[in-house]
There are 2 protein chains.
Amino acid sequence: MSKRQSVTIRDVAQKAGVGLNTVSLTLKDSDLVRSETKSKVKAAIEELGYVPNVSARNLRRGTVRTIGVMIPDIHNFHYWDIVAGVEDEARHHDYGIVLSNTNLNPQLELDSLRGLLERRYDGLILMATHTHSKETPTEVRKLLDQGSAIVTIGSTWREVDKIEPYPLEAGPLLMQHLYNLGHRRIGFVLGVAHQDLASGRLEAYCEFTARHNLPQRIEYCGPTIPDGMAATHRLLDDPARPTAIVTVNDYLAVAAMRTIALRGLCIPADISLAGFDNIPLSQYLTPALTTVDVGGPNRGREAVRLLLERLKDPKRPTQIVKIPASLHVRESTGPPPAAFDSRMQPEVPDPKNCNSF
Amino acid sequence: MSKRQSVTIRDVAQKAGVGLNTVSLTLKDSDLVRSETKSKVKAAIEELGYVPNVSARNLRRGTVRTIGVMIPDIHNFHYWDIVAGVEDEARHHDYGIVLSNTNLNPQLELDSLRGLLERRYDGLILMATHTHSKETPTEVRKLLDQGSAIVTIGSTWREVDKIEPYPLEAGPLLMQHLYNLGHRRIGFVLGVAHQDLASGRLEAYCEFTARHNLPQRIEYCGPTIPDGMAATHRLLDDPARPTAIVTVNDYLAVAAMRTIALRGLCIPADISLAGFDNIPLSQYLTPALTTVDVGGPNRGREAVRLLLERLKDPKRPTQIVKIPASLHVRESTGPPPAAFDSRMQPEVPDPKNCNSF
DNA sequence: TTACAGTATAGGAACGTTCCTATTAGTGAA
DNA sequence: TTCACTAATAGGAACGTTCCTATACTGTAA
């Protein structure tokens, strides 16, 4: 394909014997043009194989009909779930999406933000960043003040359009479920790239354990499966081994599940396991995972809606859209081992009874 | 953010007291400009907070430095693996990527192709389409003849740049592995949106079974987990139940694994299971999945390289890059049950012996 | 002094649209 | 016939770059 476009709107106009404007109006099916003229133009378009150049259009319009999506970790299934929602909703509004995987690298995040200034996309949906606090980071603040459209999913920033699970207490719901089953020693695997990232889920855990006077057992780790496995191993090594483990997301629950199996323990007979996100995979694991649904694709869809409204009216007050969260009890949680005694736990349980290899 | 850009290259030129060209040259760090002048310009850029407008640049340059990526199924982990590779390699060459999830919808695929003509992206990487045959579809053919840059991953089309696993016989390798373990009744779950889609893998199965005079047992199904589960159920219902199941990809192996567990069977004691792709998840499943690695992220990376070379030289002959495939034997495959007799198999095995719930 | 390279910079055309401002043709009323 | 008014279309400016060409400047040689 040559650098220069072979057939432009001028060629069409000439061929159809009309002005530029008439072609432009025909393209957007305006009723300022007589339908007779329109079909003449359309015939010319067809015959010449004319296709509008988006760069030119974008430049002139001052808008690119594209949404940037910043993903912190391309390996975590939950983010794809969100992206799927974004993609779907964006398409319905005739917007494209540009993906930006940052791996929580601050430089890549700044590059992403820059895309907004470069008019690479009209708005940006960002999921989580390396900077995490109640205060909106200055770079983002500056953009917002300039009128940029930014929607965040699961941030705690102030004065930003955002998507939030509702109730935030879906976390406590999960804790309550474990508590009702009889669990009193509940470990938490907090595997995120930045410690404050999952603060809501952590807070739910802390708040619940404090209120019910349960021991707190938090293992911090990175966001990868090996990280999660190491953290789980540490939890299982504890003399007062937890009877239930909660992971900060379903992705790491996979790590926990694998680790527990490698140790020859059974879920939920020996230990219960639960996560957050309800990624599509979780129901197909064996055992199927008990988890908290936070509305994956819906978060993406709502983020797009929020963004488009913001683009329409840059002056509107910031909005928070709450997505209902719900507990899905499946096979991975059950009552703690009846006669469990931390001082008497079998060091090497017989794998034959449980895992099949 | 207003429709008009607040500060343009003109403002910078004025502020720095230089011409437009000088600013433009400074931006690309050309050595045609005295370094003294450069720093003057850079100061002006800094002070005014100037950011170049990509649409204008794209229009003028006739190139958008963006690669379109067409994903057939956003839920299949393997494609994300590829996307991760594409994303990474593209970034290194300062290219962005635009994602297009088609769900194998023909209309959406055509839209994707159209993006090429609209100059939305300079080139397109496509993974699989609803049209699948040895012949390149006419729409694609037309684009290629016009000089469009298109790279395919895993297609069988002629005269297209493409990424291919090598040896194609990685499929036979897997079959050989099962055969060596003693399996003689090997079922195949072919869950793809279009029947011809995984023709290579299917052929490997057919060829091997024919050569060794083994019964062929293929279950066709759709590409989703429930589809895969249904297909697996059908295989397991067979009076002459296979002693090993191969799924067309690891994604559906998850479905098979779940189904086998639900039937109370053990992997690999009762039945062996293997897949293709070596998605990152597969090693963390329990049991860890035996699979054929086809170089996930590498396929993406190589596709980008191929695309960039094509863009540099539209006239070069079409290339095929072969990515080495390799068998990864893990826990999900083992010898068939020793005393297995299809007429005597237990209808309802005791789940206690195997799966933990 | 003039001519001549060679370098550094300036200025304007072009990219292909969209949008604004005419202009034309057609109609009806004065 | 003139004027006002509307409907339909034409034409050109503008969007913000990049790239090409022209010019100004410097130093050297005749």
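Here the structure is a predicted model, which means the values were calculated and not measured.
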Any chance the side chains of B:Ser55 and A:Ser55 put a donor and an acceptor closer than 3.5 Å?
-> no
Do B:Lys312 and B:Glu309 meet the salt-bridge criterion of a basic N to acidic O distance under 4.0 Å?
-> no
List the atom pairs, donor and acceptor, that lie under 3.5 Å between side-chain atoms in residues 10-29 of chain A and the rest of the protein, sequence neighbours left out.
{"residue": "A:Asp11", "atom": "OD2", "partner": "A:Thr8", "partner atom": "N", "Å": "2.8"}
{"residue": "A:Lys15", "atom": "NZ", "partner": "A:Glu47", "partner atom": "OE2", "Å": "3.3"}
{"residue": "A:Thr26", "atom": "OG1", "partner": "A:Thr22", "partner atom": "O", "Å": "2.6"}
{"residue": "A:Asp29", "atom": "OD1", "partner": "A:Lys38", "partner atom": "NZ", "Å": "3.2"}

Residues of residues 18-26 of chain B with a heavy atom under 4.0 Å from any atom of DNA chain D, listed by number, are B:Asn21, B:Ser24
Backbone N or O of B:Ala84 within a donor-acceptor pair of the B:Asp88 side chain at under 3.5 Å?
-> no
Could you point out which residue of B:His92, B:His93, B:Arg91 forms a side-chain hydrogen bond (donor to acceptor under 3.5 Å, both in side chains) with B:Glu89?
-> B:His93
Report the residues that fulfil ring-ring contact (aromatic ring centres under 6.0 Å, His included) with B:Tyr50, sequence neighbours left out, ordered by chain and then residue number.
-> none
Is the closest side-chain donor-acceptor distance between B:Glu109 and B:Asn105 under 3.5 Å?
-> no
Establish, yes or no, whether a centroid distance under 6.0 Å links the rings of B:Phe77 and A:Trp80.
-> yes
Are B:Asp122 and B:Arg65 close enough for a salt bridge, meaning some N to O gap below 4.0 Å?
-> no
Main-chain N/O of B:Arg158 paired with B:Thr136 side-chain donor or acceptor, under 3.5 Å | yes
Counting only non-hydrogen atoms, which of residues 31-57 of chain B are less than 4.0 Å from DNA chain D?
-> B:Tyr50, B:Val51, B:Pro52, B:Asn53, B:Ala56, B:Arg57
Just how far, in rounded Å, is P of D:dG16 from CG of B:Leu27?
-> 15 Å
Whole angstrom is fine here: how far is it from CZ in A:Arg61 over to C1' in C:dC20?
-> 16 Å
Among side-chain atoms of B:Asp111 and B:Gln107, is any donor-acceptor pair under 3.5 angstrom?
-> yes
Is the shortest distance from a Lys or Arg side-chain nitrogen in A:Glu139 or A:Lys142 to a carboxylate oxygen in the other one below 4.0 Å?
-> no
Quick one: are A:Asp161 and A:Ile150 in side-chain contact, heavy atoms under 4.5 Å?
-> no
Separation of atom CZ in B:Arg119 from atom C1' in C:dT17, rounded to whole Å | 14 Å
B:Leu59 CG - D:dT17 C1' separation (whole Å) | 8 Å
Divergence of helical axes at both termini of the helix from C:dT1-D:dA30 to C:dA30-D:dT1 - five pairs an end, 10° steps | 80°
Measure from CG on A:Asn58 to P on D:dG16 and round the result to the nearest Å.
-> 13 Å
Could you check how far CD of A:Gln14 sits from C1' of D:dT9, rounded to whole Å?
-> 17 Å
N/O-N/O pairs, protein side and nucleotides 23-26 of chain D side, under 3.5 Å:
none

Go through the N and O atoms of the side chain of A:Arg60 and the base of C:dT18, and report whether any donor-acceptor pair is under 3.5 Å.
-> yes
Atom-to-atom span, CZ of B:Arg10 to P of C:dA10 - whole angstrom = 14 Å
